[in-house]
Amino acid sequence: MTNESPSFKPEDIPSRFDFSEAQTRITKMWDECRYFHAVTDSDKQPFTIVIPPPNVTGALHLGHALNNTLQDVLIRMKRMQGFNALWMPGTDHAGIATQAVVERRLKEDEGKTRHDLGREALVKRIWDWKDQYERRILDQLKQMGCSCDFERTRFTLDETCTKAVRFTFFDLFKKQLIYRGKRLVNWDTHLGTAVSDDEVFAEKVKGQFWHFMYPVIDPQSGEPAHVHVATTRPETMLGDTAVAVHPDPSKALDKVEADLQEKLAGATASDRESIESQIEALKERRETYLPKLIQLRDMALDGRMLMLPLLDRPIPLVVDEWAKPELGSGCVKITPAHDPNDYEVGKRCELEMINIMNRDGTLNIEAGPYEGLYMKQARGKVVDDLEALGLLEKIEDREIELPTSDRSKTPIEPFLADQWFVSMDQLSQSAMDAVTDGRVNIHPPRYSRSYLDWLSEKRDWPVSRQLWWGHQIPVWSRACAEQADVDQALEKIKALPAFNETVASIQVEPCDEQDDQRRRQLDLPLATVHVCVQAGNESLEQELIEAGLTREEDVLDTWFSSALWPHSTLGWPEATAEMSTFYPTSALLTSRDIITLWVGRMVLMGLNNCNEIPFPRVFIHPKILDGFGKTMSKSKGNGVDPIDVINKFGADSLRFGMARLCTETQDVRLPVKFACPHCEHTFDQTVKNRILPKLPCPKCKKEFSTQWAVEEADKALERGSVTSERFEVARNFVNKLWNASRFAMLNLEGYTAAPIEESELTVEDRWMLSRLSTVSSNVTKSIDGFQYSEAARELYDFAWSEFCSFYVEMLKDRFADAAQRPHAQRILAYSLDCLLRLLQPMMPFVTEAIWQNLAKLAPERGFTNVQPGASSISIAPWPALDSGWQDAAIEEQFSLYQTALAAIREVRSSQNIANKTKVKFLVRCEPKIATMLEPLGGYFSRMAAADLVGMGPDVVQPETNAVLAKPEFEILVDLEGLIDVESEITRLEKEKANLEKSIAGKQRQLGNEKFVAAKPDLAAEIEISLKQAEEQLQTIIASLDKFLAKRNA
RNA sequence: GGGCGGUUAGCUCAGUUGGCUAGAGCGCCACGUUGACAUCGUGGAGGUCGUUGGUUCAAGUCCAAUACCGCCCACCA
């Protein structure tokens, strides 16, 4: 069969890969051909990955680029391996984060708050924001070359996901695994919502430490008149319901002292002084203060009361271990409703929990005369009033760590609020079991520990958020003042026409205020009736409202919907073809900071909803750090837009660079630089300049804008990109590959397809087949085992140092010979084809571009059987060469050649012989070695401008020559008329020193009797190499003597 | 306070079960551009593997202690 192929001239193919043109063209082609669309009626085995949905708060940065590159490399390999590969894309609504961004924008641009707009209008604005950023994110993914099935793109707040959320919530509600209760939450008074612990950061601020005195009621003689307490938040005293003292202060002090002594024993000299002084202070405290603490403890056990000043409310003195006798006065005021620790004390001691704050941060009726003041205003007044009463002891300045909301940057107020919870006992256990019994495998395994530790706490999951953006909780409630109301409400609900127990579930939440009289005073309901409604029952929802119930306003924690992601995206709870085909998914790739928040919850929700784990393998990949070792994030100003990198280096370089950097233990440190758009000068991003809206270029002095530009004037400046030099390696590699294929294009004219006869294979062909077989097998294993950097490194070394530097060079001679040319063309087309396919997952664009060119010249390729190449490399079969081609003898033969070649090059370089000057050389060796080198002998001419003129044990040494002694042979380079005696002496002396060092090491080892006894095999090997080294040394010394004599003559 | 990871060449990182002279890329030095590639080629210089101690015939590798850097969790009236 013949294929008349067109021909390429050098000018037809640029010597640099035009990635920008190729990316646009190829993305379009992939899209049109729907290569990445997975179908449900396939015979192929499925392989599914769901994307960790990026937040629609903003655009993707390099951390996402890493995450998505790794997923794409895996899914692309699996697709080529013949799996029905689905990579499910989508985005996350990211509840509070997104709402906060939009609210901030609203405030900045229009000076409005969300209340000015109202719920509906705000939510619409957020949807607009979401549309904008979802588009941007999906575009970024496409530009990166991600082979997602974009036709299936989901959003955690879309109709499909919403249905899954409703079903899950209903199911858990019905199982009594969701309940409403009071909980101390981190209240953001600015946003009017609770925020989770991980959305709170501690800000160091200058604050004060106030010392108060609370009067003792009816002090007996000998008893103190006051108890001393201290606080950093004086206004909370209005909610105090006790003062605590340690139950056994003496023992507690013993314990503290024992700990200090232990610390002292192992302390360094510099620490000793400080520890010793602490012990001193402790001893003094024991003498002066302990009796008083014991007295207070006894008073507490007697049930004595204190008078809370300002509100004149009697509060008990209680014993609790939370009070530390070694600190302050040893007594601590307890504000259960406004402090997490006090809350715990309150529960232990069954204290009243008095909530003194409204949702907006003002004080409520419980604060008596202070009602209506903001917490901060109340602080000053409380302090002033206490001072007026003579109950302010002192004020200290102190640095305090103020819990602050990450979203609104305002101080957090701990606040007791009604919240919905998921009961985690059983659910956590199921997720723990999945990992401990190996159904879910976390890689690297060390991360299993943080997963298990966190789940084992089994803390109930607060899922309600006082936000407008999110899944509104599907519960309709009614508060009932009397038991009769409750009964009546229940009866009425059950009688509703649309009511039935399969679509609605009822819970009755009793009031937690046990004291009936107090409950009435506070106007609290006796009980609240909650009805949870299954999705798709709008008529019942309407009837419930008509029956006087109101819908819960809160929305769900964004992680609630994220937890369903692996099955909600596939259409659960419907029994879809997608669910049966693609669930459970095959692997999850994510970053370590959401192991607990997300991975654990996906496992337990998958088990709860689908009765099956969501994925058998989880890969936790490294994080991208900036040049200072800090994680990248938009808020720090060190986030880099992958598009900047793509524009400068190309998507393949970004991807290959990412894969190459993805090792198992190290985070990826990526020093980034600004690139001046005017003069292309690059300079470091520093802590100081990275958040400036505009910068002057240090070289050309012109200004350019950054991602931080806000003002129109700044935005009008040309935008400077931020990239990293670390992608240059990958960019060069892409170009190298492009040029290797350019060589192929220029030499495939007249290509005819035919199987390659085994008898026609040369040594180098067999070597290439052997290497291709080994490399493809290793790369497959590496990618399957998430060892991306290993895979990238092996491919890089193979493609550059073996394929390009040796094989292609050798083919040049064969192309020059008309007889060998057709065969050389076939084997080149075949091996390039294989190499491209191996590189496709990491570098899909350049390999596709070359693939399409190759198809024009050599549409049919193959080795044992010839076939047309696939229409796209994305769907071509993954190389899986028979391991029978792996041939250690051939590889050894090749390495002999490489050693000889390097030796000749070394001589040429040290003798400073011009490239064009041909040299002659001989190889003195055993006949066996000569036989091995013989078939490759011709290539020395092309690759080192050296002609092999003789080989064997008896070659005659030329008059003037350089000798390179290697274990297997000696290379004798004829330097007649070229010799530089001094350089040669220098080289030989260096060689001699190296050999002597090596020999000494070997002799030392062999002189070690225990070693020889323990490892006889190894010792024998060393003995052989020692003998060779000694022979080499003799040769070198002889040659050196000769040159020394020449110099002295 | 608890846990985890890191420390190897000027920079960024490899180094499999301990074993012969510890590797790569970038950067640096020298030489080299008429047919794939200067985003290239060839050669070279550069490391007492954080520190201390231990196990072993043998330690970058195993153990212990310690310093520094980073991350996670808990806590700080």
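Numbers restart at 1 for each chain; the letters A, B, ... are given by sequence-line order, proteins then strands.
There is a side-chain donor-acceptor pair under 3.5 Å between A:Lys333 and A:Thr236.
The shortest distance between the side-chain N/O atoms of A:Trp800 and the OP1/OP2 oxygens of B:G41 is below 4.0 Å. Phosphate proximity of B:A36 to A:Lys812: present, with a side-chain N or O under 4.0 Å from OP1 or OP2. At B:C40, one or more side-chain N or O atoms of A:Asn732 fall inside 4.0 Å of OP1 or OP2 (strictly under the cut-off). Proximity of A:Thr663 to the phosphate of B:A14: a side-chain N or O atom is located under 4.0 Å from OP1 or OP2.
Candidate nucleotides B:G43, B:U39, B:A36 were compared by shortest atom distance to the side chain of A:Asn735, and B:U39 ranks first. For A:Arg905, the listed nucleotide lying nearest its side chain is B:U42; candidates were B:G44, B:A36, B:U42. Taking the side chain of A:Val332 as heavy atoms from C-beta on, and the options B:A77, B:A36, B:G3, the nearest nucleotide is B:A77. Between B:C20, B:C71, B:C57, one nucleotide has an atom nearer to the side chain of A:Lys1010 than all others, and that is B:C57. For A:Tyr796, counting side-chain heavy atoms from C-beta on, the closest listed nucleotide (B:G19, B:G25, B:U39) is B:G25.
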Contacts table for residues 1014-1026 of chain A: side-chain donor-acceptor under 3.5 angstrom, sequence neighbours left out:
unit_1: A:Ser1025; atom_1: OG; unit_2: A:Lys1002; atom_2: NZ; d: 3.1
unit_1: A:Ser1025; atom_1: OG; unit_2: A:Ile1022; atom_2: O; d: 3.0

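Nucleotide B:G41 forms a Watson-Crick or G-U wobble pair with B:C31, both donor-acceptor distances falling under 3.5 Å. With a cut-off of 3.5 Å on both pairing distances, the Watson-Crick or G-U wobble partner of B:G70 is B:C4. When both distances must be under 3.5 Å, the Watson-Crick or G-U wobble mate of B:G10 is B:C26. Pair assignment for B:U16 gives none, since no Watson-Crick or G-U wobble pairing has each distance under 3.5 Å. When both pairing distances are held under 3.5 Å, B:U21 makes no Watson-Crick or G-U pair with any nucleotide shown. Judged by Watson-Crick or G-U wobble contacts below 3.5 Å, the nucleotide B:U48 has no partner. Look at B:G53: its Watson-Crick or wobble partner, with both distances under 3.5 angstrom, is B:C63.
Here A:Leu1018 lies in heavy-atom contact (under 4.0 Å) with a base. If you check every strand for non-hydrogen atoms under 4.0 Å, A:Lys1002 touches a base. The residue A:Ser450 sits apart from the nucleic acid: no heavy atom pair falls under 4.0 Å. Residue A:Ser1025 is in base contact, counting any heavy-atom pair closer than 4.0 Å across all strands shown. Among the heavy atoms of the strands lying under 4.0 Å from A:Glu1021 is at least one base atom, whether or not backbone atoms are also near. Within the nucleic acid shown, A:Lys1015 comes within 4.0 Å of at least one base atom, counting heavy atoms only. At the heavy-atom level, A:Arg592 lies under 4.0 Å from the strands shown only through sugar-phosphate atoms. Here A:Glu809 lies in heavy-atom contact (under 4.0 Å) with a base. Across all strands, A:Arg660 comes closer than 4.0 Å to no nucleic acid atom at all (heavy-atom distances). Across all strands shown, A:Trp322 has heavy atoms under 4.0 Å from sugar-phosphate atoms exclusively, and none from any base. Residue contacts for A:Asp667: at a heavy-atom cut-off of 4.0 Å it reaches the sugar-phosphate backbone alone, with no base atom in range.
Between A:Ala1014 and A:Ala1000, it is A:Ala1000 whose nearest contact on RNA chain B lies nearer the 5' terminus. Residue order along RNA chain B, read from the 5' end via each residue's closest nucleotide, puts A:Glu790 first among A:Ser805 and A:Glu790.
Residue A:His228 is tested with A:Glu393, A:His211, A:Lys394 for a side chain to side chain donor-acceptor pair (under 3.5 Å); the sole match is A:Glu393.
The base of B:U39 sits with one of its N or O atoms less than 3.5 Å from a complementary donor or acceptor on the side chain of A:Arg731. Not a single donor-acceptor contact under 3.5 angstrom links the side-chain atoms of A:Glu794 to the base of B:A14.
At a threshold of 4.5 Å between non-hydrogen side-chain atoms, the residues A:Leu854 and A:Met745 count as touching. Between A:Ser789 and A:Leu661, the closest side-chain pair of non-hydrogen atoms is not below 4.5 Å.
Salt-bridge check for A:Lys812 with A:Glu809: passed, with a basic side-chain N closer than 4.0 Å to an acidic carboxylate O.
Using a 4.0 Å cut-off on heavy atoms, the residues of residues 986-994 of chain A that approach RNA chain B are A:Lys990, listed by number.
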